[in-house]
Amino acid sequence: ITDTKGTYSFLVPEASYYLKAEAKNYLTYQSESFNVIEGEGIHKNIELKKTFWQSLDWKWIVACITLIFILFLLFYNFYRDRKFRKN
């Protein structure tokens with residue numbers, strides 16, 4: 001568990017460890033293994049990446065919907081023009 005800034009710390013005995021971080025709406029992070037040696041600090045920065053759906057920006061979604069609507073109108077007009085030309 002981190003503080004509001006995302007900072008974390010803990011004390012462990014000498015051994016080999018790895019870090020695993022999980023949070024809702026983020027991909028799970030797992031580090032490579034590393035050795036903890038007594039009297040030496042370890043500093044690990046972890047960047048959690050959002051899942052695909054969480055990383056979508058609302059502007060991108062609006063742009064896609066607008067593009068789909070414009071393409072629909074273009075194809076509909078093309079279809080309607082061909083239908084009237086046959087009659």
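We use all heavy atoms of the structure for the numbers below, so side chains are in, but hydrogens, waters and symmetry mates are not.
Between F34 and Y18, the closest heavy-atom pair is CE2-CA, 3.8 Å.
Every side-chain contact (heavy atoms from CB on, under 4.5 Å) that S33 has, sequence neighbours left out, goes to S16. Taking the side-chain contact (heavy atoms from CB on, under 4.5 Å) definition, one finds that I46 meets it with Y8, L19, A21, Y29, L48, sequence neighbours left out. With sequence neighbours left out, the salt bridge (Lys or Arg N to Asp or Glu O under 4.0 Å) criterion links K20 to E22.
Connection of L11 to Y17 is not established within any shared hydrophobic cluster, with ILVMFWY side chains joined at heavy-atom distances below 4.5 Å, either directly or through further cluster members.
You'll find the side chain of N25 stays beyond 4.5 Å of the side chain of K50, heavy atoms only.
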Atom pairs and distances, donor-acceptor, side-chain atoms in residues 64-78, under 3.5 Å, two or more places apart:
{"from": "T66", "atom 1": "OG1", "to": "V62", "atom 2": "O", "distance (Å)": "2.8"}
{"from": "N77", "atom 1": "OD1", "to": "R80", "atom 2": "NH2", "distance (Å)": "3.4"}
{"from": "N77", "atom 1": "ND2", "to": "L73", "atom 2": "O", "distance (Å)": "3.3"}

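Within the structure, the salt bridge (Lys or Arg N to Asp or Glu O under 4.0 Å) test picks out no pair touching residues 33-47 (sequence neighbours left out).
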